[in-house]
Enquirer: 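Before anything else, here's the structure in question.
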Amino acid sequence: MPVETKTTCPYCGVGCGVIATVNDNGAVSVKGDQDHPANFGRLCSKGSALAETIDLDGRLLYPEIGGKRVAWDEALDLVASRFSEAIAEHGPDSVAFYVSGQLLTEDYYLANKLMKGFIGSANIDTNSRLCMSSSVAGHRRAFGADTVPGTYEDLELADLVILTGSNLAWCHPVLYQRIAAAKAARPEMKIVVIDPRRTMSADIADMHLAIRPDGDVALFTGLLAHLSHSRALDRGYVENHTAGFDAAMQAASGYSLPEIAEATGLTIAELISFYELFEHTEKTVTCYSQGVNQSQSGTDKVNAIINCHLATGRIGTPGTGPFSLTGQPNAMGGREVGGLANMLAAHMAIESAEDRDRVKRFWASPAIAQKPGLKAVDMFRAVADGRIKALWIMATNPVVSMPDADAVEAAIKACPFVVVSDVVAGTDTARHGHVLLPSLGWGEKDGTVTNSERRISRQRGFLDAPGEAKADWWQMAEVGRRMGFDAAFAYRQPSEIFAEHAELSGFENAGSRDFDISGAERDSYDAMTPFQWPKVGPGETGIPRFFADGRFYHADGKARFITTALPETRRTSPDYPLTLNTGRIRDQWHTMTRTGKSARLTAHIAEPFAELHPRDAQALGIESADLVELESPHGKVLLRALVSERQARGSVFAPMHWNDQFASRARIDVVVAPVTDPHSGQPASKNVAVKATRFEAKAYGFAISRTRPNAPDCAYWAIAKADGGYRMELAFKEEPQDWALWARQFFGLDVRIEPLGYSDRQTGDLRLAFFDGETLLAALFIAKQPVAVARNWAISQLGQRHEDLRMRFALVAGRPGAGRADPGATVCSCFNVGVNQITAAIRDGCHSVEAVGKTLNAGTNCGSCRAEIRGIIDGCLKTAAE
Ligand code: SF4
């Protein structure tokens with residue numbers, strides 16, 4: 001009998017409910033959980049492909065020391081002794097944990113407890129520092145606590161939804177679908193997208209403001225002044241529930257509209273129409289994510305937004321409020337347990353002696369940390385300069401994701417003792433670990449996560465632990481016990497950790513702290529259904545929105561206006577004249593260690609790219625499909641050029657996902673400067689000065705192979721999973737003497753396998769195909785220009801039998817045979833529908849997303865591609881009209 005398990009998606013902060021089914025033959029399938037209040041059955045393309053990412057290929061299955069398999073006891077003893085020795089010799093601040101929003105709350109809780117409560121240092125920070133720490137700092141400044149006031153329902157109830165620095169369509173697709181559905185039901189609902197790029201989210205927007213990078217403080221400071229001038233303030237609310245208004249307003253009024261226009265790059269007309277829309281729309285929600293947070297002025301941006309909501313009293317009521325959307329599945333859970341270096345457990349403050357004493361007593365802790373620890377960028381600086389002697393990295397890949405990534409890699413390499421707990425064996429970071437500890441992955445581990453609307457859900461295991469992999473909480477408990485803290489780390493299961501976490505949240509709380517889940521039913525951990533915090537008493541459903549009563553968490557119960565000065569935002573110079581903006585793409589997650597396993601997901605965008613405006617590209621002599629080198633003082637990357645009107649002039653966008661396993665030189669954080677927001681310590685990953693140069697290649701290549709080829713000896717390569725094998729893009733500075741020999745080595749083929757070849761001396765085109773009987777093993781397409789062969793058609797050849805010579809010659813000719821049209825680049829991953837098929841349907845009269853869906857099914861399952869389909873329709877209709 002198939003067995004169904006209710007669990008939660010491990011990707012973004014939407015926190016969608018998933019039902020995983022293990023069938024009689026062991027095969028796993030997933031679908032959205034209709035009962036989960038985050039998604040009501042929807043899943044995006046990444047969530048829908050979860051079952052394709054749980055194989056054991058590339059998994060770390062056994063503990064290792066120095067690359068050799070060892071027993072758990074040996075590995076754990078070594079970790080405990082090396083950490084204890086470092087602490088004894090150099091003090092508690094000589095060790096550090098760098099953890100992750102991928103950890104479950106129970107894992108996170110123990111990491112924080114071990115470091116802050118028992119080692120006695122606060123040197124634990126998390127990759128959530130790179131994601132939403134500016135929101136945390138902004139919330140704490142304004143509300144006195146890190147509180148997200150609203151719920152997802154508010155996005156549907158609002159009459160105006162502002163998405164600033166948030167490409168919801170690609171980064172939080174199910175929330176985007178909820179908003180799109182609400183707008184379809186109430187077309188009068190307005191959506192404003194504020195983003196330097198015309199992202200896919202802009203396709204349902206009534207207004208797109210192509211703001212200058214980091215212009216948000218100016219935009220919302222100008223809005224505050226406008227609200228005052230137009231008498232749109234809620235004076236009663238400001239008077240009764242806030243403090244600091246006069247100073248903030250005085251500062252805001254000091255900027256003229258032309259100054260705001262200059263600082264934002266928007267026209268005065270654009271500013272006025274946005275300001276008037278806000279002024280006249282009571283039910284307004286302002287959503288923001290990494291475009292706001294990842295900035296040198298990220299915290300001020302958050303407060304500039306909150307200021308406008310406080311000034312109008314638009315907070316804590318249905319359809320209103322500022323709304324921080326977290327990137328990671330458990331960034332919120334990490335905040336709840338105090339996983340950031342400058343926080344304490346259960347939303348208590350490390351700066352507060354009272355809070356430190358409370359947590360110390362609760363934990364019966366021998367040595368509670370007395371001061372904030374090192375934030376991520378500073379932590380790796382301390383690793384680099386030798387202050388950190390022992391580092392434990394859990395569930396994250398800082399060699400790819402940290403700014404100045406090459407320097408971070410060098411620091412980790414030089415660190416005397418590095419432990420890496422991970423699911424994947426060969427990450428860019430794991431290759432430098434002295435000790436590798438195999439962790440349980442999604443589908444194997446048990447615990448809880450919290451999504452962006454404060455909803456706690458269970459992640460449940462439905463697969464056996466592979467090899468000797470163990471839960472992260474177990475690894476930390478074992479090390480804690482070996483360091484001499486037996487009683488405090490004697491957990492047998494995650495429910496015990498959750499119970500302690502819940503109890504601490506209510507300990508001496510009595511309404512003084514926002515985070516309180518002491519009413520969570522501990523005895524029904526296994527059966528837990530999703531609930532929003534706070535949950536103070538058993539059976540209580542919690543309050544849906546914070547601050548409905550106008551009471552905040554500062555000592556006087558009032559919220560704070562924060563005075564925001566306009567920051568210096570220009571980072572470019574004559575040497576580095578372009579602004580790099582890094583971010584996510586629709587179908588990949590973080591550093592691709594999981595989503596890179598799905599051929600369906602890599603079909604959408606198979607290569608790292610740099611998106612440039614056509615006029616910038618022209619000025620640089622770059623055409624679409626050329627290779628482009630991006631360079632900053634910190635390093636260089638090599639990416640495929642994508643020339644697009646969606647990009648703002650003077651800016652370049654590049655995805656954050658690619659690592660050294662999937663491309664030769666595409667870790668984009670290599671070029672990102674390690675500059676941070678002064679309040680939050682969050683790196684500024686969206687405003688980086690770079691220069692772009694066309695890469696002169698002697699030859700370009702495209703290859704398909706049934707098996708993963710060897711890392712090639714060439715200037716550029718990018719590899720992706722494809723149906724039936726792998727696909728590779730290649731470029732060469734020098735051409736090999738013997739292409740057949742090169743190809744055999746690259747594909748790992750026996751020298752006796754002779755290729756079927758075609759070459760054209762005039763054009764320089766060369767094609768080689770290697771067969772084993774009727775089975776295509778691999779093929780290589782070489783050209784002087786970027787190879788023009790239809791990618792999806794070529795990949796489909798891996799699944800064909802090539803019975804006769806005619807079929808084989810069609811392959812080396814690089815052309816689909818008669819009746820085999822090339823579907824084009826994949827748009828709909830669920831039904832594998834390509835752009836050429838959609839364009840053909842539009843030509844045949846399908847002029848709406850629904851009509852395209854009816855004809856091709858595209859966009860009718862997860863819906864993640866609906867924005868792109870809409871964009872293709874608009875583009876085709878515009879071209880037809882010209
Ligand atoms: Fe997962 Fe997609 Fe839902 Fe995010 S929106 S939680 S990635 S299914």
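One-based numbering, in listed order, for ligands and for the atoms of each.
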Enquirer: Distance to the ring centre below 6.0 angstrom and angle to the axis at most 45 degrees; does that hold for Arg640 and Phe609?
Expert: no
Enquirer: Is any NZ, NE, NH1 or NH2 atom of the basic residue among Asp203 and Arg870 found under 4.0 Å from an Asp or Glu carboxylate oxygen of the other?
Expert: no
Enquirer: Would you sort out whether Trp442 and Phe462 count as a ring-ring contact (aromatic ring centres under 6.0 Å, His included), showing the intermediate values?
Expert: CA-CA 9 Å; Trp442 182 82; Phe462 51 88; 5.4 Å; yes
Enquirer: Could I get the full list of side-chain contact (heavy atoms from CB on, under 4.5 Å) partners for Ala181, not counting sequence neighbours?
Expert: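 Only Arg42 meet the side-chain contact (heavy atoms from CB on, under 4.5 Å) criterion with Ala181.
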Enquirer: Cation over ring, Arg455 on Phe531, under 6.0 Å and within 45°?
Expert: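 Verdict for Phe531: no cation-pi partner in Arg455.
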Enquirer: Quick one: give me the number of protein N/O/S atoms under 2.8 Å from atom 1 (Fe) of ligand 1.
Expert: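 Atoms of protein N, O or S type lying less than 2.8 Å from atom 1 (Fe) of ligand 1 total 1.
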Enquirer: Report yes or no: do Thr396 and Ser100 form a side-chain donor-acceptor pair below 3.5 Å?
Expert: no
